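A quick write-up on the structure given underneath.
Just so it is clear: chains get the letters A, B, ... in the order the sequence lines come, proteins before strands, and each one is counted from 1. Heavy atoms only: backbone and side chains are in, while hydrogens, waters and symmetry mates are out. On a predicted model such as this, the values are computed, not experimentally measured, just so you know.
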Amino acid sequence: MVKITLDPMPQVRLVAKDRINQQFATKFQDSYRHVVHARKREIAALVKAGQEPTAEFIMEANIRMLTVQEFADIILSKISDLDKAELERQRLLSMIDSASTIEELKTIVGGEL
Amino acid sequence: MLFVVYNKDSGDIDQAVKNYEPAGYDKLLEDRGLNFIVRDDIHQLIKPGFAYVDIKTEELLERPDMPITLDNEKILAGKGSAIFRGIPRDAKLTIAAAGAILHQLDPFDSDELELSIPLPCTYVITIQKWPFKDYQKSIEAVNG
């Protein structure tokens with residue numbers, strides 16, 4: 001008789017990590033908001049470095065009734081969507097490493113594995 | 001007529017065709033070097049994976065069930081075990097849980113398996129050995 005005792009957690013953790021990575025990849029794929037926010041951060045950084053912003057950047061600052069410098073400060077003070085998402089992804093991956101049951105893994109990925 | 005084209009080494013059915021104008025169809029299959037049998041007493045098509053051709057007798061047979069017995073489908077995590085008996089020799093054994101393959105043995109060199117699960121979850125055990133039908137059982141480990 002062959003006796004087998006298997007700890008499922010190492011392989012199931014990998015499945016859970018794949019699931020989290022897929023969720024984030026899907027969420028940020030072709031995200032218009034993510035792309036424009038990244039572009040605005042680029043322009044805001046140029047403004048703070050003393051360069052001229054684009055006409056659209058100036059117009060948006062006007063719409064918001066802010067100076068170009070104030071608008072650039074606000075944009076740069078916000079954590080970017082991508083940075084925020086990456087922080088969340090890393091937090092979830094770390095939780096997966098610490099999980100000791102399959103039920104915990106299901107909770108982390110938000111559903112069945 | 002039912003034309004059953006099969007693999008000459010295993011008897012696995014590649015194609016089963018119900019042909020209502022069979023004249024010349026056998027020659028077409030022969031010209032292509034295919035192994036086949038013809039049955040005029042079967043009026044339905046064969047379900048995929050249901051049958052095979054015995055390559056010695058050229059009989060169309062239903063794939064047999066594996067003669068496996070299992071003592072327990074629900075066990076205590078970290079304490080109990082499930083015992084499979086009657087596993088055909090040199091079968092392929094796959095153990096999976098929650099979308100992951102945990103372990104695979106091919107060939108599995110025994111006819112008995114004792115499986116323990118250290119924490120609550122469900123394992124899916126699949127045993128494959130031609131020409132038997134695939135055997136699959138779920139073993140649930142629960143907190144005791």
Looking at [X], I'd like to know if its [atom1] atom is crowded, meaning that more than 12 non-hydrogen atoms belonging to other residues, nucleotides or ligands lie closer than 6.0 Å.
X       : atom1 : value
A:Glu86 : CD    : yes
A:Lys78 : NZ    : no
B:Met1  : CE    : no

Distance-minimising heavy-atom pair for A:Met9 and B:Leu119:
CG-CD2, 3.7 Å
Does any part of the side chain of B:Pro120, heavy atoms only, come nearer than 4.5 Å to the side chain of A:Ile102, both counted from C-beta?
no
Could you check if a side-chain atom of B:Leu93 sits within less than 4.5 angstrom of a side-chain atom of A:Ile4, using non-hydrogen atoms only?
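In short, these two side chains touch, coming nearer than 4.5 Å.
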Under 4.5 Å from a heavy atom of chain A, the part of [X] involved:
X        : value
B:Leu115 : both
B:Ile95  : side chain
B:Phe108 : side chain

Non-hydrogen atoms of chain B under 4.5 Å away: do they reach the side chain of A:Val12, the backbone, both or neither?
both
Could you tell me which residues in residues 58-72 of chain A have at least one non-hydrogen atom under 4.5 Å from a non-hydrogen atom of chain B, sorted by residue number?
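Against chain B, none of the residues of residues 58-72 of chain A fall inside the cut-off of heavy atoms under 4.5 Å.
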Hey, can you dump all donor-acceptor pairs under 3.5 Å between chain A and chain B, distances included?
residue : atom : partner  : partner atom : Å
A:Val2  : N    : B:Glu112 : O            : 3.1
A:Val2  : O    : B:Glu114 : N            : 2.7
A:Ile4  : N    : B:Glu114 : O            : 2.8
A:Ile4  : O    : B:Ser116 : N            : 2.9
A:Leu6  : O    : B:Tyr123 : OH           : 2.6
A:Gln11 : NE2  : B:Leu102 : O            : 3.3

